There are 2 protein chains.
Amino acid sequence: MKIPKGDPPACTQNLLAMRDTLDILGGKWKLLILHYLIFREHEQNTFKKMERDIEGISAKMLSKELKDLENNLLVKRQVNDTKPITVSYSVTEYGKTATEIIFPLVSWGTKHRNMIITQQTGR
Amino acid sequence: MKIPKGDPPACTQNLLAMRDTLDILGGKWKLLILHYLIFREHEQNTFKKMERDIEGISAKMLSKELKDLENNLLVKRQVNDTKPITVSYSVTEYGKTATEIIFPLVSWGTKHRNMIITQQTGR
DNA sequence: GTTACTAGTTACTTAAAGTTAACCCGTAAC
DNA sequence: GTTACGGGTTAACTTTAAGTAACTAGTAAC
């Protein structure tokens with residue numbers, strides 16, 4: 001990234017872009033859901049399975065967040081013609097680009113945690 | 001990043017790390033403030049200057065967010081012995097590591113914006 | 001002594017995000 | 001016909017984040 005020191009228009013563009021990203025991917029669950037779907041790309045991730053697996057999420061939130069992600073083309077919903085009808089969700093190719101964000105967040109958080117521990121133990 | 005497909009402990013670690021990051025850097029203003037301070041590293045960034053420059057922020061929020069950032073060692077506060085006393089803020093070396101997060105957020109947001117535009121104009 | 005500047009704080013209000021629990025529909029087993 | 005499962009929805013509520021506005025304190029010029 002070229003860092004345009006103090007260049008106001010470039011800064012503003014950056015800030016807008018950052019806000020866009022946070023609007024789409026922010027909140028308590030969106031990145032967790034994407035992470036879940038990315039890591040289990042080759043499983044049948046049905047609604048109930050996700051509700052069970054993603055700790056603490058309620059049906060309402062899962063439903064809402066999946067809709068939001070679908071509207072932003074990050075997730076695909078597909079109805080399966082099974083005994084009791086099931087619906088499975090998967091990341092789209094576009095959705096996978098979110099790893100660009102997930103990875104740094106995980107990485108920084110891990111390093112931060114290690115720093116805190118190192119600080120506390122004094123070494 | 002090694003992607004441990006479906007490996008539950010590794011997934012959980014990732015999710016915790018991601019939450020840590022979002023706890024520290026999430027919210028409406030923290031990344032904007034860090035971005036501001038990183039881009040203007042060599043200026044005297046006083047409280048009032050930041051209040052004027054960062055569009056839409058109130059003194060209350062600026063004060064609170066700066067305290068949080070300071071507590072997490074991302075920002076340094078220093079009182080200057082000037083005519084009317086001033087206080088200036090700067091990123092710490094550790095704070096600069098947040099560019100690891102800021103860059104992908106800016107980058108993804110920019111690409112997303114372009115995608116939306118491309119879609120709308122049909123090309 | 002009143003105005004002005006910097007650097008905040010305090011109390012109150014509003015808006016957004018998230019939670020809880022109950023409910024609905026269709027299908028199919030018992 | 002009642003119980004159970006999958007995939008949700010709805011309403012009511014709580015919590016948290018953020019915004020507004022008024023105010024304080026120290027210093028200094030007028």
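Being a predicted model, the structure only gives us computed values, none of them experimental. Each chain gets a letter, A, B and so on, in the order its sequence line appears, and its residues count up from 1. The figures that follow rest on heavy atoms only: side chains count, while hydrogens, waters and symmetry mates do not.
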Next item on the list: Under the salt bridge (charged side-chain N to carboxylate O under 4.0 Å, His left out) rule, what do B/Asp68 and B/Lys64 come out as? Steps first, then yes or no, please.
Entry: CA-CA 6 Å; B/Asp68 290 348; B/Lys64 180 192 163 279; 3.3 Å; yes
Please report, rounded to the nearest Å, how far the [atom2] atom of [N] is from the [atom1] atom of [X].
| X | N | atom1 | atom2 | answer |
| --- | --- | --- | --- | --- |
| A/Asn80 | D/dG8 | CG | C1' | 15 Å |
| A/Glu51 | D/dG8 | CD | P | 10 Å |
| A/Asn45 | D/dG6 | CG | P | 15 Å |
| A/Met50 | D/dG7 | CE | P | 11 Å |
| B/Arg52 | C/dA7 | CZ | C1' | 12 Å |
| A/Asp23 | D/dA17 | CG | C1' | 15 Å |
| A/Lys48 | D/dT9 | NZ | P | 12 Å |
| A/Asp53 | D/dG7 | CG | P | 13 Å |

Please set out all donor-acceptor pairs under 3.5 angstrom arising from side-chain atoms of residues 50-58 of chain B, sequence neighbours excluded.
residue	atom	partner	partner atom	Å
B/Asp53	OD2	B/Tyr36	OH	2.5
B/Asp53	OD2	B/Arg40	NH1	3.4
B/Ser58	OG	B/Met61	N	3.3

Counting N and O atoms only, with roles assigned by atom type, does the side chain of [X] sit under 3.5 Å from a partner on the main chain of [Y], one being a donor and the other an acceptor?
| X | Y | answer |
| --- | --- | --- |
| A/Thr21 | B/Trp108 | no |
| B/Thr118 | B/Asn114 | yes |
| A/Ser88 | A/Gln44 | no |

Check: Between D/dG6, D/dG7, C/dA7, which nucleotide has the shortest distance from any of its atoms to the side chain of B/Arg77?
Finding: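 For B/Arg77, the side-chain atoms sit closest to C/dA7.
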Item checked: Nucleotide of C/dA7, D/dT9, D/dG6 approaching B/Phe47 most closely (side-chain heavy atoms) ->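 When the side chain of B/Phe47 is considered, C/dA7 is the closest of C/dA7, D/dT9, D/dG6.
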Notebook entry, point to check: Side-chain N or O of B/Tyr89 less than 4.0 angstrom from OP1 or OP2 on C/dT6?
Noted result: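 So the side chain of B/Tyr89 is outside the cut-off, no N or O lying under 4.0 Å from OP1 or OP2 of C/dT6.
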Notebook entry, point to check: Should the pair B/Glu70-B/Lys67 be classified as a salt bridge under the 4.0 Å nitrogen-to-oxygen rule?
Noted result: no
Check: How would you label the contact of B/Lys49 with the nucleic acid (heavy atoms, under 4.0 Å): base, sugar-phosphate, or nothing?
Finding: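 Here B/Lys49 touches no strand at all.
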Note to self: Base, sugar-phosphate or nothing for A/Thr82? Non-hydrogen atoms, less than 4.0 Å.
What the structure shows: nothing
Checklist line | Reading 5' to 3' through nucleotides 25-30 of chain D, protein heavy-atom contacts under 4.0 Å coded B for base, S for sugar-phosphate only, - for none | finding: ------
Next item on the list: Mark up nucleotides 14-20 of chain C, 5' to 3', with B wherever a protein heavy atom is under 4.0 angstrom from a base atom, S wherever such an atom reaches only the sugar-phosphate, and - elsewhere.
Entry: ----BBB
Check: Only one of A/His112, A/Arg113, A/Lys111 forms a side-chain hydrogen bond (donor to acceptor under 3.5 Å, both in side chains) with B/Asp20, so which one is it?
Finding: A/Arg113
Margin query: As an exercise, state the distance from CG of A/Leu25 to CD1 of A/Ile102, rounded to the nearest 0.5 Å.
Written below: 7.0 Å
Next item on the list: Fit a plane to each ring of A/Tyr89 and A/Phe47, take the angle between them on a 0 to 90° scale, and name the class: parallel (under 30°), tilted (30 to 60°) or perpendicular (over 60°).
Entry: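 Correct class here is tilted.
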